[in-house]
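Following: one structure in structure tokens, then a few remarks.
Every chain is numbered from 1, with letters handed out A, B, ... down the list of sequences. Please read these numbers as outputs of a predicted model, since none were measured by experiment.
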Amino acid sequence: MENKTIYTEIITDHNVDPYHKHEIEGANLILEGVNPSCGDDITLSLKVEDDVVVDGAYQGVGCAISQASADIMLDLVIGKTKDEALRLSDLFLNMIRSEITEEELEELEEAGLLKDIAHNPSRTKCAVLGWRTLREMFGVEFEYEEE
Amino acid sequence: MENKTIYTEIITDHNVDPYHKHEIEGANLILEGVNPSCGDDITLSLKVEDDVVVDGAYQGVGCAISQASADIMLDLVIGKTKDEALRLSDLFLNMIRSEITEEELEELEEAGLLKDIAHNPSRTKCAVLGWRTLREMFGVEFEYEEE
Amino acid sequence: MNDFEMNLRKDFPILNDSFAYLDNAATSQKPLSVIQAVEDYYKTSNANPLRGIYDLSVAATEKYEAARLSVKKFINASKKAEIVFTRNATESVNLVAYSYGMSFINEGDEIIVSILEHHSNMLPWQNVAKAKNATLKYLYCDENGVINPSDLEELITDKTALVAITQVSNVIGRTNDIKSFAKIAHEYGAVILCDGAQSVPHMKVDVTDLDVDFLVFSGHKMLAPMGIGVLYGKSELLKKMPPFLYGGEMIESVTVDGATFARIPTKFEAGTVNVGGAVGLHAAIDYINNITMDEIVKREEELTKYAYERMSEIKHLTIIGSEDYKEHHGIITFDIDDCHPHDVADILGGLGVDVRAGHHCAQPLLKHIGHPVTTRASIAFYNVKEDIDRLIDALKGVRRTLGYGE
Amino acid sequence: MNDFEMNLRKDFPILNDSFAYLDNAATSQKPLSVIQAVEDYYKTSNANPLRGIYDLSVAATEKYEAARLSVKKFINASKKAEIVFTRNATESVNLVAYSYGMSFINEGDEIIVSILEHHSNMLPWQNVAKAKNATLKYLYCDENGVINPSDLEELITDKTALVAITQVSNVIGRTNDIKSFAKIAHEYGAVILCDGAQSVPHMKVDVTDLDVDFLVFSGHKMLAPMGIGVLYGKSELLKKMPPFLYGGEMIESVTVDGATFARIPTKFEAGTVNVGGAVGLHAAIDYINNITMDEIVKREEELTKYAYERMSEIKHLTIIGSEDYKEHHGIITFDIDDCHPHDVADILGGLGVDVRAGHHCAQPLLKHIGHPVTTRASIAFYNVKEDIDRLIDALKGVRRTLGYGE
Ligand SMILES: Cc1ncc(COP(=O)(O)O)c(C=O)c1O
Ligand SMILES: Cc1ncc(COP(=O)(O)O)c(C=O)c1O
């Protein structure tokens, strides 16, 4: 039996041994993001100075995808400016909508491993939760996909 | 083009030149019967003495089947006792439900020509209207066909 | 019948030359492509769509949402979320009446309903008016069935909360100028619900151009299976409306004390949805797009013209509504002197001509124009001249069959 | 797989050996005979049924009413008129809630809803209670999901107007003793609505024996197409209830001032009915009768036993509900330590094992028993041991796939 799986080692590592699942001191942006229908729940804490994300962490419960995705996201955005972080979130959302180039995908580094989640609409919400919360913290509404 | 028709000459004659479509003197039972959904409307007048239908007539509007059926019914029941009239109405309803023997059918005389209406549920109401009204005049409720 | 027509009719397995199906306004026949799309769905992709994680369920979700997208494009809505799947046009109106009507129409408000309406777009408003102590006002037509925008202008007031009007009457076939009605309604702060049951299958309907707030229609009148219908609603309105049916799928979260509800359109789609029906509607829209709406309009107009002209020649036969065939859109309702419509339809049926008799679910209209029961022949693009010829031949014999000599 | 099973599975075109469909509680797969009955209807007998006079319409009417008769016999109702066709179980509950609930449940009355209920049999009652200022009381189960008749006896009062309870829970699979609940409800003058969505497809349900006032279920969970459901109601109740949806067909006569309504069941079937769906449900009932409900029960019990036993052997896996497989009726909901159900279902799905994860539209129940999200495998008679083996193999790998070693 072969598993066409999204659960590669890198993803499960981020879930089982997350780098950023803890509390941080001096966070000045804190927001809880929830997927009510599936129970995924993440509280994101960021420490932003001069528009730069100097530190960040999350707490939460939920599926491996939602937790790993948040962890990977923090890997990416810590040290970046707000604008850079938002740009990455744009890329991530584009990836979920399957509207992304190869180069852009590379910018997403490990987050790019979640690319295939796009095929499964009921899981995309999980992958997006952290990113959506990040955008909302920066005052950018998450646009609901509408055609 | 062949018409598998219920509109035989006898039926249409009863509609175009009815014997009993008029007013009578001394009627002691009068009742209006209506098929609200199709607009058939018949007012039946009977003169009943010692439980015998000594005279009868109807007024009304509606399709040829409802009018002819009422006219034929009056042909049959005038001169009969109440019980005989009710028995004929039983036979008629049985015929509509396709539950009738050959001998019983003969008793219905011209009314038996409406036998094939049974195949067309949307027309049976028309054929039954006069008979239903007659039964109600005699205090016998028309039983709705239920399986 | 030309080659095009022969092929066209082959698409519809039920059609054959032994009868003329002229009850298309009641329900349409289904092309093989629609029947097969549904069959295919059940043979390859059937699952409960929402929240499912495995492949079949994902496939079912995709098919369902693809159907929604195709409806959205077909009526040119601006958002997919504005398309709510219902069972039929009747349920769509009831959804708006229960949800919008019971919440946003208040005591003393007015509801304007045109007298042309099918019972499905009249009774729900009678019910709302009664429940909310609102005033129900009827927009009457003249003897030919005409309602002008100026008639609405005279009736509407600042108290009018909603205008309910059909785009094409299922009795007289006339089109109302919905765009003008919408403009007037909006000037007075009212919303407008347009009944598209008889228009959407037969002409290009563009909700953005018409600027209606709600549009309702049924799949089964436009080649799709029974059991699937559509409510289009502007998203601002749908968003603020409370749910109608409560149950599975339409929630965000539930506790013993209450619930929060999903986004539109899911908020209005309680319980397991009808994916098979939606797939059928999608295939129906594909079929229409493929032969093109222009071709449908052209064929139906030609057939209407032919039928109208030939029926006009029949003695003792009166056509109801406009004297211009162009104002009939495939719907020709008529009377034959001395002959009850049920007898007419019965005799025609016996000769393989399928028409409808009765009040066509529009009793107030029929009473208003003085024909309480009538017979209706209604045309679809898959009809052919031969169908009309059969109708004409049959009509000519009706009075004789009923014993009126001629 | 024995010969019987090979043949059985051939009846279901969607099934093949590359996956195990174990989401039957969400929706069932359809046998060819059902798919073909619907296809056949559209190819030979499609028309708008009611009031039609021509042959096709008469044929459609007959098929529709034959379907109603077959449902009547299937659940042993006493009259055909007690069978109302709806879209699904959810709509059936809403019909009762809007029509019976809004009219006959008054301020201060009590509504009792079991905590086991699917949202579809809970939210409509929350809504009625709110609208009518009635008191909503929950009938709680113990940690194994058991509700005893004595629990109802303790909760019910003379003020109780309605009891809503499921016959089989879609989460824990346990059966409630509906007959006893009905008896108690009636002693207190309350009516009882039984949710048969999970029972009617899987066991003999006899409304006369149970003496319930209302029974609701969905066709799509019992081999029929989506878009057709049933409300059974005792005729005395249906007769006194006001209509729910208003529109075509459900009227007796209409004027601009109001309307009178048709007899039951037509009063509750507004708009063009879903003949195709009813025909499909009829074929589904024929299929069930043909293989026999006894055989279905036997097969499902055997498969449940096998699945229960093998799942019990898996480390870190906890089955929710009874420890007796007989109290599961094909429904096995479970947790795996450290693993989120969405991940479990996703991993299983990737291995061709179709199960459902989430709250199963029963959030209050899951909260009450302390498992807010779970994974559910649910069995139908067309499943085979091989499906269970595939499930077991897949389950054994879940924790490893998620990085938990074992
Ligand atoms: C117990 C129970 N009741 C009601 C429902 C609702 O059925 P439907 O979604 O077909 O309306 C379901 C199915 O999801 C169920 O399992
Ligand atoms: C103008 C109009 N509105 C509404 C309806 C109701 O459609 P349905 O019966 O499919 O709900 C019909 C069809 O009968 C119609 O012709």
Side-chain angles (χ1 to χ4, degrees), chain C residues 13-14 23 26-27 29-30 35 39 42-44 46-48 51-56 87-91 94 118-120 123-124 126-127 138 218 220 225-228 245-248 251 253-256 258-259 270-272 274-277 342 345-346 349 354 356-358 361 363-364, chain D residues 13-14 23 26-27 29-30 35 39 42-44 46-48 51-56 87-91 94 118-120 123-124 126-127 138 218 220 225-228 245-248 251 253-256 258-259 270-272 274-277 342 345-346 349 354 356-358 361 363-364:
Chain C
I14 206 173
D23 194 19
T27 199
Q29 297 304 342
K30 321 303 173 198
I35 298 172
E39 184 184 329
Y42 285 116
K43 286 185 176 173
T44 67
N46 176 58
N48 203 317
R51 307 182 202 281
I53 287 176
Y54 53 89
D55 289 354
L56 268 188
R87 180 176 39 209
N88 52 26
T90 300
E91 196 199 12
N94 278 274
H118 188 279
H119 294 158
S120 293
L123 298 186
Q126 292 186 346
N127 186 46
Y138 288 95
S218 288
H220 72 91
M226 290 158 155
I228 188 86
L245 301 180
Y246 293 83
I251 59 106
S253 90
V254 177
T255 70
V256 292
T272 301
N274 183 356
V275 187
H342 286 165
D346 205 341
D354 297 354
R356 190 142 296 237
C361 298
Q363 287 187 345
Chain D
I14 206 172
D23 193 18
T27 199
Q29 296 304 342
K30 321 303 174 198
I35 298 172
E39 183 183 329
Y42 285 117
K43 286 186 176 172
T44 67
N46 175 59
N48 202 316
R51 309 183 203 281
I53 287 176
Y54 53 88
D55 289 354
L56 268 189
R87 180 177 36 213
N88 52 27
T90 300
E91 195 198 13
N94 278 272
H118 188 278
H119 294 159
S120 292
L123 298 187
Q126 290 185 347
N127 187 45
Y138 288 94
S218 289
H220 72 91
M226 290 158 155
I228 189 85
L245 301 180
Y246 294 84
I251 59 108
S253 90
V254 177
T255 70
V256 292
T272 301
N274 183 357
V275 187
H342 286 165
D346 203 342
D354 296 355
R356 190 143 297 240
C361 298
Q363 287 187 347

At a heavy-atom distance under 4.5 Å, which candidate from D/I35, D/N127, D/I251, D/I14 has the highest pair count against chain C? D/I14
Which one wins on heavy-atom pair count under 4.5 Å against chain C: D/G276, D/A47, D/G358? D/A47
Taking every heavy-atom pair that is under 4.5 Å apart, which of D/A345, D/G277, D/G258, D/A357 has the most such pairs with chain C? D/G258
Closer than 3.5 angstrom, by distance alone: can the side chain of D/R87 be matched with the main-chain N or O of C/G271 as a donor-acceptor pair? no
Tell me, side chain or backbone of D/Q126 under 4.5 Å from chain C's heavy atoms, or both, or neither? side chain
Show the nearest heavy-atom pair for residues C/G247 and C/A270, with the distance to one decimal. N-CB, 4.0 Å
Distance-only, no hydrogens or angles: does the D/Q363 side chain make a donor-acceptor pair with backbone N or O of D/H119 under 3.5 Å? no
Tell me, for C/E39 versus chain D, whether the close heavy atoms (under 4.5 Å) come from the side chain, the backbone, both or neither. both
If one checks every heavy atom of C/L245 against chain D at 4.5 Å, the contacting part turns out to be both
For chain C, the option from D/S253, D/A259, D/A89 that forms the most heavy-atom pairs under 4.5 Å: D/S253
Which residues share a ring pair (Phe, Tyr, Trp, His ring centres under 6.0 Å) with C/Y54, sequence neighbours left out: none
Could you check which of C/I228, C/L56, C/D354, C/T27 has the highest count of heavy-atom pairs closer than 4.5 Å to chain D? C/D354
Can you list everything that forms a side chain to side chain contact (heavy atoms under 4.5 Å, CB included) with C/N88? Sequence neighbours excluded, please. C/T90, C/E91, C/S218
Going through the checks in order, is the side chain to side chain contact (heavy atoms under 4.5 Å, CB included) test met by C/H220 and C/K30? CA-CA 8 Å; C/H220 72 91; C/K30 321 303 173 198; 4.0 Å; yes
If I measure from the heavy atoms of chain D, does C/N46 come under 4.5 Å with its side chain, its backbone, both, or neither? both
Any sub-3.5 Å donor-acceptor pair from D/Y138's side-chain atoms to C/V256's backbone N or O? yes
